[in-house]
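Everything below concerns the one structure shown next.
Keep in mind the model is a prediction, meaning the values are calculated, not measured. Lettering follows sequence order; numbering is per chain, from 1.
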Amino acid sequence: MSRIMMLGIFEDEDGILSAVAAARKQGLSIVEAYTPYAVHGLDQALGLKRSRLALVCLIAGGVGAVVKLWFEFWTMAVDWPIDVGGKPWNSLPAFVPVTFEVMVLFAGLTTVAAFFMVSRLRPGKKPKLVDPRVTNDHFALLLEETDSTFDVDRVRALLKHHGAVEVTERITGEVLA
Amino acid sequence: MADIALSPPLVVGHKSLAEVTHDVCRPMERRPGGIWWAAFAVTFSMLLLGVAAITYEIATGIGTWGLNTTVGWAFDITNFVFWIGIGHAGTLISAILFLLRQRWRTGVNRAAEAMTLFAVMCAGIFPLIHMGRPWFGYWIFPYPNFRGSLWINYRSPLAWDAFAISTYFIISATFWYVGLIPDLATIRDRSQPGLRRTIFSIASLGWDGAFKTWNRYEMVYLLLAGLATPLVVSVHTIVSWDFATAVIPGWHATIFPPYFVAGAIFSGMAMVLTLMIIARKAMGLEAYINLRHLDVMSKLVITTGSIVGFSYLTEFFTAQYSGNQYEQFVFLNRALGPFFWAYWTMVSCNVLIPQLLWIRKIRTSWAAVFVISLLVNVGMWFERFVIIVTSLHRDYLPSSWTSYRPTSIEIATLIGTFGLFFTLFLVFCRVLPVIAMAEIKGVLKHGLHRLEAHR
Amino acid sequence: MSDKYWRSLEDWRNVSETGDAEFSETPIDIEAGPDRRGFLKAAGFSFGAAMLAGCGRTVQKIEPNLQQPEGFIPGRPVYYASTCGGCSAGCGTLVKVRDGRPIKLEGNPSHQVSGGGLCAVGQASILGLYDSRRIAHPMVDGKAASWAQADAFVQDRLEQARRAGGAVRLLTGTVHSPTESAWIGHFLGSFRNARHIEYDALSASAILDAHERTHGARILPRYRFDKAGVIVGIDADFLGTWISPVEFAREYAAARDPLGSQYAWHTQVESRMSLTGTKADHRVVLGPADLAGFVSDLHDAVIKGGSNRPEVLQIAQRLRDARGRGLVVCGLQDVAAQALVNGINEALGNYGATIETDRASRQRRGDDRALENLLAELRGGAVDVLIVAGANPAFDLPGGEAVAKAKLLIVHAQRMDETAAKAQAVCAAPDVLESWGDVEPVEGTACIVQPCLQPLFQTRPLVETLAAWSGKPGVALDLIRDQWRQEIFPKAKSNLAFEEFWERSLQDGFAQYTPAARARTAARRESEPEPLQKMDPQDGFHLALYAKPALLEGRHAYNPWLQEVPDPVTKIAWDNYACLAPGAAAKLGVATGDVLGIQCGGQDIELPALVQPGQHENTVAVALGYGSQLSGRFAKVGPQWLEGRPTLNERGLVGVNAAPLLGFDRGSLQYFRSGVKLSKTGTTMALACTQEHQTVSVPERLKPAGAKIRPIIQETTLVQIRESGDRRAKESPRPELWPPDHPYPVHHWAMVVDLNACNGCSACIVACQAENNIPVVGKDEMRRKREMHWMRIDRYYSGALDSPRVAHQPMFCQQCDHAPCETVCPVLATVHSDEGLNQQIYNRCVGTRYCANNCPYKVRRFNWFNYVREDRMANLALNPDVTVRSRGVMEKCTFCVQRIQEAKIESKRLGRPVRDGEIQTACQQTCPAKAIVFGDLDDPHSEVSRLMASGRRYRVLEEINVRPGVGYLKIVRPDAPAGEEKENG
């Protein structure tokens with residue numbers, strides 16, 4: 001069944017911040033906020049959890065380091081040991097720099113890849129723009145009907161009260177402008 | 001907010017979000033002006049000269065350079081270290097200053113990061129072409145082969161270099177691209193349907209400004225900054241190890257890593273200044289790149305410059321204190337030997353002249369800072385030249401002492417890298433936002449709040 | 001039988017492992033496996049056999065191996081005993097022939113003259129064989145001709161001369177070939193007015209004349225430096241170019257073994273810094289005008305015991321103390337002075353002890369008086385037929401171009417040189433490696449020259465030509481055999497049949513007999529001794545014309561290896577120059593490289609100046625042998641690129657010919673000229689000098705406070721050696737940072753170089769070049785300090801500028817156990833073997849040059865360009881065992897790893913360990929002074945282990961703990977007080 005959605009457009013970050021706060025106080029369900037830049041404080045306002053990408057980064061780095069260190073040891077001391085300047089087969093200190101570089105490489109690339117995946121960012125993807133201005137200078141807040149208590153007029157009033165320059169009603173499926 | 005409360009706004013003049021977008025995107029939407037074309041013509045012909053020189057060298061042999069049995073590296077590795085150093089400032093601004101919450105960086109970080117990439121490209125040429133057989137350059141990476149497998153020598157600083165430089169380039173590029181995505185989306189949505197729009201929409205990966213994405217984006221950016229920071233230090237440390245791990249007096253020094261890193265940031269900062277001062281005039285971004293940037297970056301230049309100067313002194317002291325006559329000789333030979341002119345050029349450009357920046361009037365004069373930044377770049381190039389050539393040309397056995405003078409081919413190659421660097425930068429100015437809009441928008445309000453508070 | 005003979009081949013390398021076997025005359029014992037000598041017999045014999053089998057009376061063939069001879073293994077070298085044709089010294093050689101082509105020359109260890117060593121010239125002469133620009137066929141009036149045509153032309157003209165009694169003159173260099181002399185006799189005998197004139201461009205004529213006067217025989221005595229206890233050299237560069245350098249260098253080194261019974265004290269009296277002067281314990285620097293005076297003072301001091309010169313008295317005293325052990329040699333071209341020298345030696349009883357007249361030398365037989373007369377005749381147009389053989393008078397004689405004045409000029413030459421270019425008839429002469437011949441350098445030692453391959457061109461040895469023109473045509477081999485049958489064989493009083501005798505001689509490379517003893521007439525004192533030559537000392541500068549060890553009088557100017565080997569003293573290649581004393585240079589206000597005009601006796605040449613320490617104030621020294629037409633061929637030598645500069649000067653030659661400045665005085669060719677005017681031309685010229693800094697000590701201005709002189713060259717004194725008994729002080733174990741997990745289980749190759757024995761002659765450099773296919777890079781690359789020689793000899797001066805002490809230090813890869821070069825190579829292109837070798841893997845090298853930068857000794861060589869080797873024929877001299885390196889890769893000394901491998905495989909095949917001395921590196925093998933010893937440190941009894949334990953042994957830059965595998969033995973300064981020991985060369 002199609003549900004009603006309310007889209008409020010704001011012209012500055014203060015408006016959307018207060019609107020979000022109010023909306024959550026009234027228990028309205030917020031689908032998503034759209035902003036031209038990372039508005040500070042909006043994450044708390046929306047009650048978003050801290051991303052777990054940091055963990056991914058840590059693990060990837062760890063793996064990279066261990067694998068590379070082992071590989072260096074294996075090639076230098078096991079697979080084909082060659083006398084180089086009389087240095088010991090296992091010249092551990094000399095293996096550190098490359099290990100470090102590979103760790104950073106793994107960590108960095110994996111994190112970004114993970115970010116693209118969870119955020120479903122990929123080349124050629126058609127952006128779901130609620131309003132073309134959100135990448136420029138406008139802020140949008142998208143609320144949706146969850147139960148019968150959802151009153152379109154009350155919501156419109158609330159958004160307007162918090163400085164929405166325009167409020168539009170949309171049906172699921174035609175969210176896009 | 002106290003610190004910020006005391007400092008002027010990051011962006012002068014009450015700019016609205018729309019105005020920011022407009023200001024930054026305008027240069028890209030206009031057709032390039034005559035000045036741009038003139039500049040491009042110059043830099044591109046420099047680039048072609050370099051290409052010709054390198055082609056001739058690869059076709060004929062390293063003998064087309066002024067090297068000899070004793071001086072095996074000179075212009076090649078000097079240029080390499082020089083460009084890598086330039087690159088480091090970009091990372092410093094985008095990563096380290098980000099971690100330090102230096103919000104003024106937002107005005108310059110995009111351009112600075114671009115600079116990093118281009119500089120690393122210029123640097124990357126040299127490890128390859130300085131080889132006698134560049135077509136086998138890939139041998140310095142370990143890959144399974146039918147020679148045994150014969151791997152590589154992980155004890156060689158050059159092998160470390162290969163990994164450091166490539167990692168550095170990849171991570172910087174990623175960092176830069178991630179930072180670009182929201183702006184690419186902005187441009188996408190500004191531009192009319194057509195090729196331009198298609199390209200940008202592909203490149204912006206379907207960014208729609210959803211805040212959940214913004215939230216993760218912030219985290220990723222933080223993580224990358226966290227990774228890039230030690231990376232940049234490690235890269236120049238490793239570069240310095242090319243020399244520090246050798247047995248050649250004048251190279252064999254434990255002070256090299258910090259000394260090189262400081263020097264790198266020093267030269268990079270100077271280069272950022274040079275570019276910024278040009279870009280801001282050329283593209284009318286006075287509002288975003290303003291006296292405040294000038295002031296702060298000048299301070300950074302003095303700081304790092306002084307660290308470098310201190311390192312020069314320390315080197316002499318250690319040499320003297322070591323009681324090692326070979327070491328002592330090398331430094332006397334640097335200051336008084338055949339290459340004394342190079343040494344004193346280095347000292348005056350890197351240590352003496354930057355001291356002028358203590359004076360506020362000079363620090364806040366665009367012209368003065370511009371000149372100084374150029375001189376610092378000269379000085380830092382000579383620093384690498386001095387370290388490499390004066391140490392090599394007179395080492396242990398006096399019988400094999402020689403001199404060195406560059407050939408036309410080497411000079412052309414150096415010019416060529418500058419050509420490459422500036423050509424890329426000019427193109428970048430045309431096709432990508434030189435200022436990180438999404439970031440600058442985030443800080444528009446800084447300072448303004450304070451002004452209101454004061455009313 | 002040939003099978004067994006061939007099996008003896010593998011043993012040839014045990015050179016002198018047992019000194020006795022070396023000289024045993026016992027015929028080889030097949031079952032016991034013959035020794036090297038046996039092999040030589042075998043080689044020689046089978047060769048001779050092949051020859052005989054292959055040739056009728058007239059045709060001679062070298063058998064192509066269509067059917068492989070039994071035991072002949074392709075790829076395994078065969079060594080033939082022959083004689084070197086590089087100069088008139090006549091060193092015995094072993095020619096390394098691989099798959100039918102000679103690729104290297106080595107000294108014949110059992111030969112009297114060479115004693116296993118060979119000089120730079122000998123080493124390089126292999127290129128002479130493969131010189132594609134040789135005269136390929138006879139020429140008449142500048143047009144190619146067949147031998148028949150040429151003979152017809154010549155004989156017709158000769159016939160006219162015969163009938164008309166025209167003056168026929170044969171001008172040659174020293175002829176010490178018994179057969180050639182005989183045939184020259186036959187040939188000239190058929191004319192009424194014919195004469196044979198011998199001359200040496202580097203003449204010793206005065207010595208012979210003096211002996212004619214004092215000893216009644218015009219002979220060049222044989223000097224025995226090895227028996228000497230005191231050596232006085234007066235303007236005689238006997239280690240460099242004088243008479244028989246290889247022989248003298250060996251004996252000199254033997255006489256100066258610090259552990260030997262006596263250590264020869266050597267003083268050198270000279271005007272310029274000669275190679276010999278660099279080794280002298282004491283140098284007297286005198287102007288050319290005063291040298292003769294010095295001789296007479298010394299004469300008086302020795303005979304009358306009085307002189308007003310304390311220096312002379314002191315030398316005389318030493319000589320008297322060493323009666324019969326002293327040796328005074330003099331290179332002055334002044335018969336009177338030479339007579340005085342003979343007087344001195346006679347008075348000291350040196351004749352019969354250190355000077356042999358019974359087994360006189362035949363290495364310099366030139367007669368300058370006859371030569372002077374001939375030139376006069378020529379100028380007067382009194383010569384109808386002039387035949388020049390093996391000489392280039394138009395180039396190396398003053399007024400030599402007069403040869404063109406002869407009505408008919410016939411030249412027997414290998415190359416189109418200045419003389420050949422003027423000839424109506426040119427006879428193409430063969431290289432020594434492709435023709436039969438014989439040589440008797442020292443009376444009683446007759447040596448055979450045997451061909452090692454079919455002649456490459458239509459050439460004909462001189463004897464055949466003479467025989468043909470005498471109407472008795474014959475094949476060289478037969479002519480020589482007949483000569484030997486009639487002359488040598490009877491004298492040898494051998495109990496063998498002639499055939500056997502011949503075979504053995506062929507196998508050995510020589511035959512020895514006792515020459516009829518000369519009635520030793522004690523030196524006659526002339527009633528009125530001829531006055532010494534006077535040179536006006538006041539008259540400006542004196543010119544000293546000298547020869548460089550590599551280029552001699554210029555006969556080898558065609559040879560790129562000899563052009564490129566740096567002069568041992570000045571370290572300059574590809575040029576001659578005017579050496580000036582530092583003082584003189586300062587006075588004239590000239591620096592090295594400023595071009596000077598030199599006027600002398602109407603002649604005028606321009607040469608760059610070179611400031612040469614140790615030279616006499618008003619002497620300017622110029623090397624002969626340059627500016628030869630033969631050097632015109634080097635226009636394209638070395639890389640041709642954007643900023644490359646030509647090797648040739650504006651005249652299209654290498655250097656300038658100084659021979660026109662020579663002159664005759666009282667019947668001898670003069671190398672000193674007075675009344676020389678020097679003028680600045682204002683132009684400068686870059687010299688290809690391979691060593692910029694000349695001392696071990698750093699420039700005063702850059703000297704760190706309290707810094708010692710770098711301990712690169714170390715010296716000791718006889719006293720100290722005798723005290724220490726040449727044992728080392730106990731060495732504390734060196735600090736070890738890592739576990740010693742790189743043992744050398746089987747072999748640990750190492751080398752010791754005796755700096756006291758080394759005289760810098762540079763034979764090793766060329767030997768290395770020949771063995772290891774080292775390219776020639778040309779003057780510009782040398783100037784850019786990019787010489788490719790794997791081995792260099794560092795020459796350091798110390799002490800006063802006008803009388804410096806000199807040290808020669810051969811420097812090459814030190815094969816460090818903790819090699820800095822290996823650690824820094826990213827691609828593992830240079831690594832360490834478990835035999836202690838620092839290996840360079842060419843095909844893995846990408847050419848970062850990091851290893852070279854990190855080499856404390858700077859001995860690595862980089863292929864800056866693709867050094868072209870377009871001369872297909874010269875490429876035949878390449879050693880198939882050594883890779884020819886491509887552009888962009890690093891290379892360096894490998895301790896001749898190919899020789900190590902060869903010996904290891906061989907010993908493995910025979911199931912015995914590698915024997916000490918079995919492996920000889922190219923440099924070691926050729927070293928006349930035997931200054932280089934290579935061997936296995938894992939074998940405690942090896943020679944190298946013994947020397948490593950010597951008290952004189954030190955390592956260069958030991959303090960940086962790279963653990964070099966090469967040890968050096970300190971220079972010995974007999975007189976230096978112990979205090980000076982720290983002083984480094």
Side-chain angles (χ1 to χ4, degrees), chain B residues 56 60-73 127 130-134 136-137 139-140 147 150-153 155-159 161-162 242 245-248 251 319-320 323 325-329 331-333 336-337 392 394-403 407-409, chain C residues 639 641-643 691-699 701-705 707-708 710 712 781 784-787 792 794-796 809 811 820 822-828 844-850 852-854 856-858 860-866 886-890 956-957 960 962:
Chain B
Y56 182 69
T60 317
I62 301 292
T64 55
W65 293 351
L67 304 171
N68 57 48
T69 307
T70 306
V71 182
W73 288 344
H130 98 292
M131 290 183 183
R133 304 199 293 174
F136 291 132
W139 281 358
I140 64 170
R147 301 183 202 95
L150 177 56
W151 304 107
I152 63 165
N153 178 12
R155 302 178 183 92
S156 162
L158 274 191
D161 257 353
D242 285 348
T245 61
V247 296
I248 300 305
W251 281 11
Q320 187 48 42
Q325 63 158 319
Y326 301 103
E327 200 72 20
Q328 295 170 337
F329 169 77
F331 287 96
L332 286 174
N333 184 50
L336 308 173
L392 279 180
R394 289 184 166 182
D395 66 341
Y396 289 101
L397 298 190
S399 64
S400 41
W401 287 4
T402 65
S403 187
T407 63
S408 53
I409 305 299
Chain C
W641 63 287
L642 207 57
E643 291 185 18
Q691 192 174 335
E692 257 176 28
H693 190 72
Q694 313 296 356
T695 64
V696 172
S697 48
V698 307
R701 197 164 49 85
L702 305 176
K703 195 168 183 182
K708 290 203 197 59
R710 302 185 172 187
I712 295 163
E781 289 293 285
R784 294 172 187 267
K785 308 287 184 298
R786 293 177 186 168
E787 70 270 20
R792 65 171 198 263
D794 295 342
R795 186 263 305 110
Y796 296 107
Q809 183 173 51
M811 185 50 69
E822 295 172 4
T823 320
V824 298
C825 176
V827 295
L828 292 164
R844 175 65 171 175
C845 178
V846 295
T848 67
R849 298 184 302 289
Y850 197 0
N853 289 340
N854 207 25
Y857 306 93
K858 292 288 174 276
R860 292 182 150 257
R861 299 288 178 259
F862 185 67
N863 285 267
W864 301 100
F865 293 94
N866 230 343
S886 82
R887 145 155 89 92
V889 307
M890 194 61 70
V956 176
L957 297 179
I960 54 178
V962 293

(message) Counting heavy-atom pairs under 4.5 Å with chain C, which one of B:Ile140, B:Leu150, B:Thr245 comes out on top?
(response) B:Leu150
(request) Could you tell me whether the side chain of C:Tyr796 and the main chain of C:Ile712 form a donor-acceptor pair under 3.5 Å? (result) no
(message) Is C:Met811 close to chain B through its backbone or its side chain, or both, or neither, when contacts mean heavy atoms under 4.5 Å?
(response) side chain
(message) Donor-acceptor pair, distance only, cut-off 3.5 Å: does the side chain of C:Asn854 make one with the backbone of B:Val247?
(response) yes
(message) Let's test your reading of the structure: which of B:Pro134, B:Ala319, B:Ser408 forms the most heavy-atom pairs below 4.5 Å with chain C?
(response) B:Ser408
(request) Against chain B, label C:Arg860 side chain, backbone, both or neither, depending on which of its atoms sit under 4.5 Å from a heavy atom there. (result) backbone
(request) Side chain from CB out, backbone as N, CA, C, O: work out which of these in C:Glu822 comes under 4.5 Å of a heavy atom of chain B, or both, or neither. (result) backbone
(request) Heavy atoms only, distances under 4.5 angstrom: which of C:Ala707, C:Cys825, C:Pro820, C:Pro639 has the most pairs with chain B? Name it, please. (result) C:Cys825
(request) Select, from B:Ala159, B:Ala246, B:Gly137, B:Pro127, the one with the greatest count of heavy-atom pairs under 4.5 Å involving chain C. (result) B:Ala246
(request) For the residue pair C:Trp864 and B:Leu67, establish whether any side-chain heavy-atom pair is separated by less than 4.5 Å. (result) yes
(request) Measure distances from C:Glu643 to the heavy atoms of chain B and classify the residue's part below 4.5 Å as side chain, backbone, both or neither. (result) side chain
(message) Counting heavy-atom pairs under 4.5 Å with chain B, which one of C:Arg701, C:Arg861, C:Lys703, C:Arg887 comes out on top?
(response) C:Arg887
(message) Tell me which of these, B:Leu397, B:Ile409, B:Leu392, B:Thr402, has more heavy-atom pairs under 4.5 Å with chain C than the rest.
(response) B:Leu397
(message) Shorter than 4.5 Å, heavy atoms on both sides: which option in C:Arg844, C:Arg784, C:Gln691, C:Gln809 has the most such pairs with chain B?
(response) C:Arg844
(message) Please enumerate all residues that pass salt bridge (Lys or Arg N to Asp or Glu O under 4.0 Å) together with C:Glu692, with sequence neighbours excluded.
(response) C:Lys785
(message) With chain C as the partner, which of B:Gly61, B:Gly66, B:Gly63, B:Gly323 has the greatest number of non-hydrogen pairs under 4.5 Å?
(response) B:Gly63
(request) Give, as side chain, backbone, both or neither, the part of C:Leu957 having an atom under 4.5 angstrom from any heavy atom of chain B. (result) side chain
(message) Using heavy-atom distances under 4.5 Å, tell me whether B:Phe331 contacts chain C through its side chain, its backbone, both, or neither.
(response) neither
(request) Below 4.5 Å from any heavy atom of chain C, which atoms of B:Asp161 appear? Answer side chain, backbone, both or neither. (result) neither
(request) Report yes if some heavy atom in the side chain of B:Trp65 is under 4.5 Å from a heavy atom in the side chain of B:Val71; otherwise report no. (result) no
(request) Could you grab the distance from atom CD of B:Glu327 to atom CD1 of B:Ile248, nearest 0.5 Å is fine? (result) 10.5 Å
(request) Give, for atom OH of B:Tyr326 and atom CD1 of C:Ile960, the distance between the pair rounded to the nearest 0.5 Å. (result) 7.5 Å
(message) Could you check whether any side-chain heavy atom of C:Arg710 comes within less than 4.5 Å of a side-chain heavy atom of B:Phe329, counting everything from C-beta outward?
(response) yes
(message) For B:Phe136, run the side chain to side chain contact (heavy atoms under 4.5 Å, CB included) check against C:Val889, C:Val827, C:Val846 and tell me which one passes.
(response) C:Val846
(message) Quick one, B:His130 and C:Thr848 - any side-chain contact, counting heavy atoms below 4.5 Å?
(response) yes
(request) Identify which part of C:Ser697 has an atom lying under 4.5 Å from any heavy atom of chain B, answering side chain, backbone, both or neither. (result) neither
(request) Please check if the side chain of C:Arg849 supplies one atom and the backbone of C:Phe862 the other of a donor-acceptor pair under 3.5 Å. (result) no
(request) Side chain from CB out, backbone as N, CA, C, O: work out which of these in C:Leu828 comes under 4.5 Å of a heavy atom of chain B, or both, or neither. (result) both
